[in-house]
A.B. asks: 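One structure is given below, represented as structure tokens, and several questions about it will come after.
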Amino acid sequence: MNTPRRLLVSLAALALSLTTACAGTQPAPDKTTEGQATAPAATGAFPVKVEHLYGTTEIKKKPERIVTIGLSDHEPVLALGHKPVGVVDWFQRSPFSDWPWTKDKWAGTEPTVLGLREDGVKMEKLLALKPDLIFAMYSGVQKATYDQLSKIAPVVAQPKGFDPYAAPWQEMTLLAGRALGQEADAKKLITGIQDQFAQARKDNPQWAGKTAVAADSFKAGTYSAFQKGDPKSAFLAELGFTIPERITKQAGTSNVAEFGSEGLNMLEVDRLVWLTTGKEPWERIKKDAVYKELKVAKEGRDLFMTYQDPPIGAALSFNTVLSIPYAIEQVVPQLKS
């Protein structure tokens, strides 16, 4: 449910669609977006240049029709006062703008959903929006697709120096801020969140040196543990926990290490946080014969949280300047209990 790797494959398929679409006339604007408020004036001067995995992108003027195809890219953009006209839907929440940490930012505006995580971006919808800036930071976008998207509008790809989906939220926020001419604002947002993490660590010194990991199970006998670069485990690390290197090593360049029941000993940590789609997976996990023998299970050091209702798992998966305060509010009390 929560691993974003499939988007990388679906985005790669955009190249062919773009080659065909860009050869013809541009579609008319999607009527569902007419009347949407444009982005507020940025505080910085344009043009600006930003560096990312695929080079340098120049944004010549203040963007007014922003599209985000990264799974969480809309959140740092929203945090900086801009409402994207097009987004990708990760968790199929309806309405899209109803997440508790973004509801006030959207203020009733509904962006066009360009596609679901599993399906990728619908090119006809993207072209119809006539974007003047495209964010593809948390997307795993490939170079060929980046080149094709750049024929439509300036594109900001994932931060350089990180594996796909492994760049820290701070890097994502800074990159968005630079592209929007609001780097100073982005730095203030980052400082505010870092202060909240620092306060949580100060209030809970017992977590220092303890191991923790976020995990999931999509079907019986199949388990996933998220490496330290994944947003969910990165969140636990910023609370003061240590993510075991064995999990990061097995994950390799992926954001997740996958294994069967025979590998459940990898989850023998001080605090284990399960993020699942609901209670059915909880019951299934707890009944696994191997899992029941783990000390973390026997001693009740495991937590079970959902992606929706309440959307704690989604907040951890996004792990942005907007979702982190909600996640801290929800997760810290449970870790203390």
Side-chain angles (χ1 to χ4, degrees), residues 4-39 50 52-55 57-78 80 82-97 102 106 109-158 164-165 172 175-176 179-180 318:
R5 292 174 299 149
R6 294 182 190 174
L7 186 62
L8 187 153
V9 176
S10 57
L11 279 175
L14 293 181
L16 181 59
S17 300
L18 275 166
T19 301
T20 302
C22 291
T25 58
Q26 294 292 315
D30 189 329
K31 291 183 179 180
T32 60
T33 64
E34 291 182 0
Q36 281 189 336
T38 57
V50 294
H52 50 76
L53 180 63
Y54 298 128
T57 292
E58 182 178 20
I59 298 105
K60 295 182 179 180
K61 61 180 181 179
K62 178 178 71 70
E64 296 185 347
R65 298 189 63 79
I66 300 169
V67 162
T68 62
I69 62 173
L71 293 172
S72 60
D73 292 0
H74 58 282
E75 299 212 344
V77 173
L78 271 175
L80 290 165
H82 304 257
K83 298 179 184 180
V85 295
V87 298
V88 171
D89 190 351
W90 189 347
F91 291 97
Q92 301 184 46
R93 187 178 181 91
S94 183
F96 180 87
S97 61
T102 61
W106 285 110
T109 300
E110 280 293 317
T112 295
V113 174
L114 301 172
L116 305 179
R117 176 184 64 87
E118 294 86 354
D119 302 330
V121 175
K122 304 299 183 185
M123 283 312 304
E124 66 278 7
K125 288 188 175 183
L126 188 151
L127 288 167
L129 291 175
K130 294 187 176 181
D132 51 17
L133 180 59
I134 300 172
F135 281 99
M137 300 185 295
Y138 194 66
S139 69
V141 67
Q142 298 293 284
K143 180 61 164 61
T145 307
Y146 166 81
D147 290 340
Q148 294 293 336
L149 287 170
S150 297
K151 295 177 181 179
I152 301 173
V155 180
V156 179
Q158 56 260 43
Y165 307 109
M172 297 289 197
L175 190 54
L180 295 170
F318 284 124

A.B. asks: For Phe135 together with His82, are the ring centres under 6.0 Å from each other?
C.D. replies: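 Judged by ring-centre distance (under 6.0 Å), His82 and Phe135 do not meet the cut-off.
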A.B. asks: When you measure from the side chain of Arg65 to the backbone N and O of Val85, does any donor-acceptor pair fall under 3.5 Å?
C.D. replies: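 No, Arg65 side chain to Val85 backbone: no donor-acceptor pair under 3.5 Å.
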A.B. asks: Any side-chain heavy-atom pair from Gln92 and Asp89 closer than 4.5 angstrom?
C.D. replies: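 Of all side-chain heavy-atom pairs linking Asp89 with Gln92, at least one is under 4.5 Å.
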A.B. asks: Can you name the residues that form a side-chain contact (heavy atoms from CB on, under 4.5 Å) with Lys61, not counting sequence neighbours?
C.D. replies: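 For Lys61, no residue satisfies side-chain contact (heavy atoms from CB on, under 4.5 Å) once neighbours in sequence are set aside.
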A.B. asks: For the backbone of Gly140 and the side chain of Gln142, can you confirm whether one donor and one acceptor N or O come within less than 3.5 Å of each other?
C.D. replies: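 Yes; judged by distance alone, with no hydrogens or angles, the pair exists.
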A.B. asks: Looking only at heavy atoms, which two atoms of His52 and Val50 are closest? And how far apart?
C.D. replies: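 Closest approach of His52 to Val50, heavy atoms only: CD2-O, 3.9 Å.
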A.B. asks: Would you check if Phe318 and Pro76 make a side-chain contact, meaning some heavy-atom pair closer than 4.5 Å?
C.D. replies: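 No, every pair of side-chain atoms sits at 4.5 Å or beyond.
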A.B. asks: Is any side-chain heavy atom of Ser139 closer than 4.5 Å to a side-chain heavy atom of Gln158?
C.D. replies: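 A side-chain contact under 4.5 Å exists here.
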A.B. asks: Set out, in order, the CA-CA distance, both residues' side-chain angles and the distance that settles salt bridge (Lys or Arg N to Asp or Glu O under 4.0 Å) for Lys62 and Glu64, then state yes or no.
C.D. replies: CA-CA 6 Å; Lys62 178 178 71 70; Glu64 296 185 347; 3.4 Å; yes
A.B. asks: Let's go through Val88 and Asp73 carefully: what are the C-alpha distance in whole Å and the side-chain angles of both, what is the deciding distance for side-chain contact (heavy atoms from CB on, under 4.5 Å) to 0.1 Å, and is it a yes or a no?
C.D. replies: CA-CA 9 Å; Val88 171; Asp73 292 0; over 6 Å; no
A.B. asks: Before you tell me yes or no, could you show the steps for Lys83 and Thr109 under side chain to side chain donor-acceptor pair (under 3.5 Å), namely the whole-Å CA-CA distance, both residues' side-chain angles and the distance that decides it to 0.1 Å?
C.D. replies: CA-CA 8 Å; Lys83 298 179 184 180; Thr109 300; 3.2 Å; yes
A.B. asks: Does the side chain of Met172 reach to within under 4.5 Å of the side chain of Ser72, using non-hydrogen atoms?
C.D. replies: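 No. Closest side-chain heavy atoms not under 4.5 Å.
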A.B. asks: Can any side-chain N or O of Thr57 pair as donor or acceptor with the backbone N or O of Val155 at less than 3.5 Å?
C.D. replies: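 Pair found, side chain donor or acceptor close to backbone of Val155.
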A.B. asks: Using the side-chain contact (heavy atoms from CB on, under 4.5 Å) rule, pick out the option among Leu149, Thr68, Ile152, Ile69 that qualifies with Pro131.
C.D. replies: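 Of Leu149, Thr68, Ile152, Ile69, side-chain contact (heavy atoms from CB on, under 4.5 Å) with Pro131 is met by Ile152 alone.
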A.B. asks: In terms of side-chain geometry, is the basic nitrogen of Lys143 or Asp147 positioned less than 4.0 Å from the acidic oxygen of its partner?
C.D. replies: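 A salt bridge links Lys143 with Asp147.
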A.B. asks: To the nearest 0.5 Å, tell me how far Phe91 CZ sits from Phe96 CZ.
C.D. replies: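 Going from the CZ atom of Phe91 to the CZ atom of Phe96 covers 10.5 Å.
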A.B. asks: For Glu110 and Ser97, indicate whether the former's side chain and the latter's backbone hold a donor-acceptor pair under 3.5 Å.
C.D. replies: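 Checking the backbone N and O of Ser97 against the side chain of Glu110, a donor-acceptor pair under 3.5 Å is found.
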A.B. asks: Which heavy-atom pair separates Gly86 from Pro111 by the least distance, and what is that distance?
C.D. replies: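 So the two residues come closest at N-CB, 4.4 Å.
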A.B. asks: How many angstroms lie between atom OG1 of Thr112 and atom CG of Leu129, to the nearest 0.5 angstrom?
C.D. replies: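 If we round to the nearest 0.5 Å, Thr112:OG1 and Leu129:CG are 4.5 Å apart.
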A.B. asks: Taking the six-membered ring for Trp, are Tyr54 and Tyr146 parallel (under 30°), tilted (30 to 60°) or perpendicular (over 60°)?
C.D. replies: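 Tilted: the ring planes of Tyr54 and Tyr146 meet at 30° to 60°.
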A.B. asks: Look at the aromatic rings of Tyr165 and Tyr138 and report parallel, tilted or perpendicular, splitting at 30° and 60°.
C.D. replies: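 Aromatic pair Tyr165/Tyr138 classed perpendicular.
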A.B. asks: Looking at every heavy atom in both Ile59 and Pro154, which two are closest together, and how far apart are they?
C.D. replies: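 Where Ile59 meets Pro154 most closely, the heavy atoms are CG1-CB, 4.3 Å.
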A.B. asks: Can a donor-acceptor pair be found, under 3.5 Å and without considering hydrogens, that links the side chain of Asp132 to the backbone of Pro63?
C.D. replies: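 The answer is no, because no donor-acceptor pair under 3.5 Å joins these two groups.
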